[in-house]
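Below is one structure, written out as structure tokens; comments come after it.
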Protein chains: 2
Amino acid sequence: MDTTTEAQYHLLRCGIKPSLQRIAIAEYLLGNRIHPTADDIYNALCVKMPTLSKTTVYNTMRLFADQGVVTSLMIDDKNIRFDIDTSCHAHFICCGCNKVLDIPVDESPCLNMKQIGDLRITETHLYYKGYCKTCRSKNVGVVCPESINQ
Amino acid sequence: MDTTTEAQYHLLRCGIKPSLQRIAIAEYLLGNRIHPTADDIYNALCVKMPTLSKTTVYNTMRLFADQGVVTSLMIDDKNIRFDIDTSCHAHFICCGCNKVLDIPVDESPCLNMKQIGDLRITETHLYYKGYCKTCRSKNVGVVCPESINQ
DNA sequence: TTACTAAATTATAATTATTACAAATTTAAA
DNA sequence: TTTAAATTTGTAATAATTATAATTTAGTAA
């Protein structure tokens, strides 16, 4: 089964009608596990699909998030990033190069909460901020992350 | 010691020169533990301090974050929120009313990481999204959080 | 096929949080 | 008092996202 067909089935399983644009976006997400922004997705796809509109990307990402196809990450204060891996894991963002990485998590009670007191929990996000090895070797990251990030 | 003086000392301890504006903002943060946005802070203070500029609030919040006076929360996809309690705790946001609450955390290994493989960790954020009791009783929150939040 | 309807996509404009910038004011120092 | 530095301020710019309405596409009934 090729990647396009896989993307199509992925959408069908989530109850989403697989249009050309939706398939292209899902295929991109499945093949590029870089936690892209809406802009990243648009820029990557508009080369091969010149009629694609940025509004469609935003509409589609909202649909995908609603249907549980992706998780919206708020780790980057500038953009929303999307992760098609909705399994339980944490995320790291390098304040030097802004790359976002997946971090596996051990069975941790605080990440599996469905209820805290009166509060019903629907999503849990564990974010780490810091510096990757490459950026540290370039001496990025000797100061506070907040001031570098601008 | 009154709250103004307390705010002033708080800033001095963090190596910040306590101007009138900075003291007013710190005093507000110490007295209103609601994880306000820059806009919240501005709107609350400009009544008593009519010359205050929103740019000053943003500048000051950046300074405060850099100096460790506050933590910047990215729990709300619309705004940055600020927490003057920089001790280790998690946050909950109600997708019905957008209130942000503090959640105590037990000693959890994943929250005290300083290094993961090659990555140096400088900040850890644990966010819960869901619905508070009040919003659940109003039948807000029967659907996916992403679609409500708009 | 044709006509009709609903869904999806698109372009454009609007909104809004945040930042950049430069002038004005205040504070500190000489 | 003069001068320099720091802080504050208003305005304009930026940029991510959303709203809106028109257009296109897909699906369906006659």
Side-chain angles (χ1 to χ4, degrees), chain A residues 7-8 11-12 14-26 28 35-46 48-67 69-70 72-82 98 100 146-150, chain B residues 8 11-12 14-26 28 35-46 48-67 69-70 72-82 93 98 100 146-150:
Chain A
Q8 190 173 347
L11 295 181
L12 287 169
C14 296
I16 291 175
K17 196 163 85 179
S19 71
L20 274 181
Q21 289 84 345
R22 290 169 181 174
I23 293 172
I25 293 174
Y28 175 79
H35 315 89
T37 64
D39 205 58
D40 293 335
I41 297 168
Y42 173 77
N43 288 318
L45 295 182
C46 68
K48 289 288 174 70
M49 192 179 247
T51 67
L52 182 68
S53 151
K54 203 174 271 191
T55 303
T56 300
V57 176
Y58 277 106
N59 289 344
T60 303
M61 295 324 295
R62 160 141 4 147
L63 177 71
F64 282 10
D66 285 353
Q67 296 295 115
V69 178
V70 299
S72 303
L73 305 182
M74 301 159 300
I75 196 172
D76 180 348
D77 40 343
K78 302 283 169 218
N79 312 286
I80 299 175
R81 287 162 171 277
F82 301 99
N98 277 313
V100 173
E146 308 272 351
S147 56
I148 275 271
N149 210 8
Q150 12 140 353
Chain B
Q8 188 173 349
L11 295 182
L12 286 171
C14 296
I16 291 175
K17 197 164 84 179
S19 70
L20 273 181
Q21 290 85 346
R22 291 171 181 172
I23 292 171
I25 294 174
Y28 175 78
H35 314 91
T37 65
D39 206 58
D40 292 336
I41 298 168
Y42 173 77
N43 288 318
L45 295 181
C46 68
K48 290 288 176 72
M49 193 180 248
T51 67
L52 182 67
S53 152
K54 204 175 269 191
T55 302
T56 300
V57 177
Y58 277 106
N59 289 343
T60 303
M61 295 324 293
R62 162 146 358 151
L63 176 71
F64 282 11
D66 286 353
Q67 297 294 115
V69 178
V70 298
S72 303
L73 305 182
M74 303 159 299
I75 196 172
D76 179 348
D77 40 342
K78 303 281 169 219
N79 313 285
I80 301 176
R81 287 162 171 276
F82 301 99
I93 188 166
N98 277 313
V100 173
E146 309 271 353
S147 56
I148 276 268
N149 210 7
Q150 15 139 349

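First the proteins, then the strands, lettered A, B, ... as listed; each starts at 1.
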Any N/O pairs under 3.5 Å between the protein and nucleotides 6-8 of chain C? List them or say none.
unit_1: dA8(C); atom_1: OP1; unit_2: Arg22(A); atom_2: NH1; d: 3.3

What protein N or O atoms touch nucleotides 20-22 of chain D N or O atoms at under 3.5 angstrom, if any, and at what distances?
none

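As a whole-Å value, the separation of Leu63(B) CG from dA6(D) C1' is 12 Å. Here the P atom of nucleotide dT15(C) and the CG atom of Asp77(B) are 20 Å apart, to the nearest Å. Between the CG atom of Leu45(A) and the P atom of dT10(C) there is a distance of 11 Å, rounded to whole Å. In this structure, CG of Asn98(B) is placed 15 Å from P of dT16(C), rounded to the nearest angstrom. If you measure from atom CG of Leu52(A) to atom C1' of dT25(D), you get 15 Å, rounded to the nearest angstrom. In this structure, Asp76(B) places its CG atom 14 Å from P of dT16(C), rounding to the nearest Å. Following rounding to the nearest Å, Tyr42(B) (OH) and dT8(D) (P) show an atom-to-atom distance of 15 Å. Per the geometry, CE belonging to Met61(A) stands 14 Å off C1' belonging to dT17(D), to the nearest Å.
Taking side-chain N and O atoms only, Lys54(A) has no distance below 4.0 Å to OP1 or OP2 of dT9(C). Residue Arg62(B) places no side-chain N or O under 4.0 Å from the OP1 or OP2 atom of dT18(C). OP1 or OP2 of dT18(D) lies within a sub-4.0 Å distance of a side-chain N or O belonging to Lys78(B).
The nucleotide whose nearest atom lies closest to any side-chain atom of Tyr58(A) is, among dT18(C), dT17(D), dA11(C), dT17(D). Nearest to the side chain of Thr51(A), among dT10(C), dA17(C), dT9(D), sits dT10(C).
For the pair Tyr42(A)/Leu52(A), a side-chain contact is recorded, criterion being any heavy-atom separation below 4.5 Å from C-beta on. Annotation: side chain of Ile80(A) is not in contact with side chain of Met61(A) (no heavy-atom distance under 4.5 Å). Contact annotation: the side chain of Leu12(A) approaches that of Pro18(A) to within less than 4.5 Å [non-hydrogen atoms, C-beta and beyond]. At a threshold of 4.5 Å between non-hydrogen side-chain atoms, the residues Val100(A) and Ile75(A) count as touching. Counting only heavy atoms from C-beta outward, the side chains of Asn79(B) and Asp39(B) never approach each other to under 4.5 Å. Counting heavy atoms from C-beta outward, Tyr28(A) and Leu45(A) have side chains that approach closer than 4.5 Å.
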Evaluate Thr37(B) against Asp40(B) for side chain to side chain donor-acceptor pair (under 3.5 Å), listing each step before the verdict. CA-CA 5 Å; Thr37(B) 65; Asp40(B) 292 336; 3.2 Å; yes
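A donor-acceptor pair is defined here as one N or O able to donate and one able to accept, closer than 3.5 Å; no such pair exists between the side chain of Arg81(B) and the backbone of Leu73(B). Between the side chain of Arg22(A) and the backbone N or O of Lys17(A), at least one donor-acceptor pair lies under 3.5 Å.
Within 4.0 Å of Thr37(B), counting heavy atoms only, lies no atom of the nucleic acid at all.
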